[in-house]
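A short write-up of the structure that comes next.
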2 protein chains.
Amino acid sequence: MKKITIGEASRKSGVKVPTIRYYESIGLLAEPNRSEGNQRSYEPADLRRLAFIRHARELGFEVEAIRTLLTLQDDPHQSCASADAIAKARLIEVEQRIRSLMALKAELELMVEGCGHGRVDQCRVIEVLADHGQCSHAHHSRWNEIGRLQGA
Amino acid sequence: MKKITIGEASRKSGVKVPTIRYYESIGLLAEPNRSEGNQRSYEPADLRRLAFIRHARELGFEVEAIRTLLTLQDDPHQSCASADAIAKARLIEVEQRIRSLMALKAELELMVEGCGHGRVDQCRVIEVLADHGQCSHAHHSRWNEIGRLQGA
DNA sequence: TCTTGCACCTCTAGTCGCTAGAGGATGTAG
DNA sequence: CTACATCCTCTAGCGACTAGAGGTGCAAGA
């Protein structure tokens with residue numbers, strides 16, 4: 001069998017080399033065989049797993065969710081209810097986040113449009129930031145709701 | 001003058017107590033006077049500054065951007081071009097992020113709709129994750145573009 | 001054969017914007 | 001005077017990597 005180096009795996013999967021090692025360290029990816037000189041040697045299945053992980057990360061799934069999805073994938077006879085639940089939860093997150101960002105967009109547009117490019121004391125950007133009362137009120141309660149949740 | 005404790009400042013500004021101390025530690029907020037017993041004592045101006053910071057964070061501005069916005073606010077005779085540029089950059093970020101999230105939403109909806117709630121080997125959620133080729137292709141290049149950029 | 005130079009190895013520490021907790025001091029109400 | 005809430009400082013942790021130091025492996029050209 002042809003040995004796939006970590007660099008090749010990286011190029012083929014689109015996951016950076018240190019990130020692959022990181023995934024191994026947190027147990028998302030099994031420890032691969034090593035060459036004579038202690039270098040990692042991957043197989044096609046590892047590339048598929050990496051692609052799966054990468055795609056899930058692109059879709060904003062957290063590593064813990066991906067871990068669950070991977071164990072599901074490993075045993076195809078299980079019910080896919082968990083996978084479905086994870087995807088649905090992610091969908092709801094994304095929808096909330098879109099709503100939140102739309103409100104922010106409106107807010108920012110107001111600020112930018114209102115800026116007369118004069119001095120700071122007439123600047124609507126600074127003014128609106130200083131006085132929350134001038135907001136469209138669309139985002140007032142939303143922030144705490146979704147918090148600092150990350151993801152694309 | 002009435003002394004405002006950090007707890008009161010927190011309640012009035014909506015910024016948590018440890019976060020206020022954190023802002024002080026990174027120099028966003030000046031070190032306040034202290035009471036006899038070494039407790040922080042704030043003034044109305046500090047509350048306004050905290051509200052400004054909070055609002056800017058709600059709008060997803062990074063701390064470094066807020067630092068700039070605050071120095072602008074401190075000197076109202078400057079040109080507001082920087083403030084405008086910062087707000088515009090943020091607006092562009094937000095717009096990109098919305099587009100990206102819309103693509104993800106479409107993707108996730110496909111996955112969730114396609115799931116027949118059977119076993120994993122027929123599950124569209126797992127299947128799509130495993131094979132990027134089944135995507136709508138809307139998000140293919142977008143991820144690297146916006147990267148892991150955070151913010152509401 | 002030697003050397004150049006890249007790719008690989010491990011390990012630690014840094015990123016961002018907080019948040020949590022330990023362990024102790026202060027302030028206030030009863 | 002005694003509870004008890006609130007305050008203090010300090011360190012460590014979160015997620016998902018990323019950067020860098022300091023060293024080894026390996027293939028190709030002179």
Side-chain angles (χ1 to χ4, degrees), chain A residues 2-29 31-42 46 50 53-70 90 93 143-144 146-152, chain B residues 2-29 31-42 50 53-67 69-70 90 93 143-144 146-152:
Chain A
K2 53 189 181 280
K3 46 189 172 178
I4 305 174
T5 67
I6 198 170
E8 256 180 275
S10 170
R11 255 167 277 126
K12 284 185 175 147
S13 67
V15 180
K16 288 183 195 157
V17 168
T19 305
I20 294 176
R21 286 196 279 249
Y22 169 71
Y23 287 158
E24 183 186 325
S25 81
I26 61 169
L28 266 199
L29 207 59
E31 295 183 19
N33 295 324
R34 299 286 184 130
S35 74
E36 289 278 310
N38 197 35
Q39 304 201 185
R40 287 170 180 82
S41 175
Y42 293 97
D46 296 313
L50 269 177
I53 295 170
R54 178 177 185 216
H55 192 190
R57 288 292 300 132
E58 279 173 3
L59 292 173
F61 289 96
E62 292 173 9
V63 163
E64 279 320 297
I66 296 173
R67 203 188 292 279
T68 306
L69 291 169
L70 282 168
R90 177 72 192 140
E93 269 172 35
W143 175 256
N144 286 330
I146 54 160
R148 260 135 234 106
L149 208 127
Q150 204 192 8
Chain B
K2 51 191 181 283
K3 47 190 171 180
I4 305 174
T5 68
I6 198 171
E8 256 180 274
S10 170
R11 257 168 274 126
K12 284 185 176 148
S13 68
V15 179
K16 288 182 194 159
V17 169
T19 306
I20 295 176
R21 286 197 278 250
Y22 168 71
Y23 287 158
E24 183 185 326
S25 81
I26 61 169
L28 267 199
L29 207 59
E31 296 182 18
N33 295 324
R34 300 286 185 131
S35 74
E36 290 278 308
N38 198 34
Q39 303 201 187
R40 286 169 180 83
S41 174
Y42 293 97
L50 269 176
I53 296 170
R54 181 180 182 214
H55 192 191
R57 288 294 299 132
E58 279 173 4
L59 292 173
F61 289 96
E62 291 172 10
V63 163
E64 280 318 298
I66 296 174
R67 203 188 292 279
L69 291 169
L70 281 168
R90 177 71 191 139
E93 268 172 37
W143 175 256
N144 285 331
I146 56 159
R148 261 135 233 105
L149 208 128
Q150 203 192 10

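Proteins get letters first, then strands, A, B, ... in listed order; numbering begins at 1 in each. These figures come from a predicted structure and were not determined experimentally.
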**Report entry** End axis versus end axis in the helix from C:dT1-D:dA30 to C:dG30-D:dC1, the angle rounded to 10°, five pairs used at each terminus
**Finding:** 10°
Query raised in the report: OP1, OP2 of C:dC9 versus side-chain N and O of A:Arg21: anything below 4.0 Å?
Result: yes
Requested in this report: State, to 0.1 Å, how close A:Gly14 and A:Arg54 come at their nearest heavy-atom pair, and which atoms those are.
Outcome: O-NE, 3.7 Å
Report task. Indicate, with a heavy-atom threshold strictly under 4.0 Å, whether B:Arg40 touches base, sugar-phosphate, or nothing. Result -> sugar-phosphate
Requested in this report: Would you classify B:Tyr23 as touching base, sugar-phosphate or nothing, given that sugar-phosphate means primed atoms plus P, OP1 and OP2, and contacts are heavy atoms under 4.0 Å?
Outcome: sugar-phosphate
**Report entry** For the student: nearest non-hydrogen atoms of A:Ile6 and A:Arg21, plus distance
**Finding:** CD1-CG, 3.5 Å
Requested in this report: Could you tell me whether the phosphate oxygens of C:dT19, OP1 or OP2, come under 4.0 Å of any side-chain nitrogen or oxygen in B:Lys16?
Outcome: yes
Query raised in the report: Quick one: is C:dC16 close enough that its OP1 or OP2 comes under 4.0 Å of any side-chain N or O from B:Tyr22?
Result: no
Query - Separation of atom CD in B:Gln39 from atom P in C:dA25, rounded to whole Å - result: 13 Å
Query raised in the report: Considering only heavy atoms from C-beta outward, does the side chain of B:Tyr42 approach that of B:Leu50 to under 4.5 Å?
Result: no
Report summary line: Rounded to whole Å, CD of B:Glu8 lies from P of C:dT28 at a distance of 11 Å
Requested in this report: Indicate whether OP1 or OP2 belonging to C:dC18 is found under 4.0 Å from a side-chain N or O atom of B:Arg57.
Outcome: yes
Query raised in the report: What pair of heavy atoms forms the shortest contact from B:Leu28 to B:Ile66, and how long is it?
Result: CD1-CG2, 4.3 Å
Query raised in the report: Looking at B:Ser41 and B:Lys3, what are the two nearest heavy atoms and their distance?
Result: OG-CB, 3.4 Å
Query raised in the report: What's the CG-P distance between A:Asn38 and C:dA7, to the nearest Å?
Result: 19 Å
Requested in this report: Could you check how far OH of B:Tyr42 sits from C1' of D:dC7, rounded to whole Å?
Outcome: 11 Å
Query raised in the report: If you look at every strand shown and take non-hydrogen atoms under 4.0 Å, does B:Ile6 touch a base, only sugar-phosphate, or nothing?
Result: sugar-phosphate
Requested in this report: Pick base, sugar-phosphate or nothing for A:Arg11, based on heavy-atom distances below 4.0 Å to the nucleic acid.
Outcome: nothing
Report summary line: Between B:Gly37 and B:Thr19, whichever has its closest DNA chain C nucleotide further toward 5' is B:Thr19
Report task. Name the closest nucleotide to the B:Val63 side chain, picking from D:dC8, D:dG25, C:dC18. Result -> C:dC18
Query raised in the report: Is there a side-chain polar atom (N or O) of B:Thr5 under 4.0 Å from OP1 or OP2 of D:dC7?
Result: yes
Report task. Would you indicate, yes or no, if C:dT10 has its OP1 or OP2 atom less than 4.0 angstrom from a side-chain nitrogen or oxygen of A:Arg34? Result -> yes
Query raised in the report: If every non-hydrogen atom of B:Ile53 is compared with every non-hydrogen atom of B:Leu29, which pair is closest and at what distance?
Result: CD1-CD1, 4.4 Å
Requested in this report: Identify the heavy atoms of B:Arg90 and B:Leu59 that sit nearest to each other, and give their distance.
Outcome: NE-O, 2.8 Å
Query raised in the report: Between D:dG25 and A:Ser35, is there an OP1 or OP2 to side-chain N/O distance shorter than 4.0 Å?
Result: no
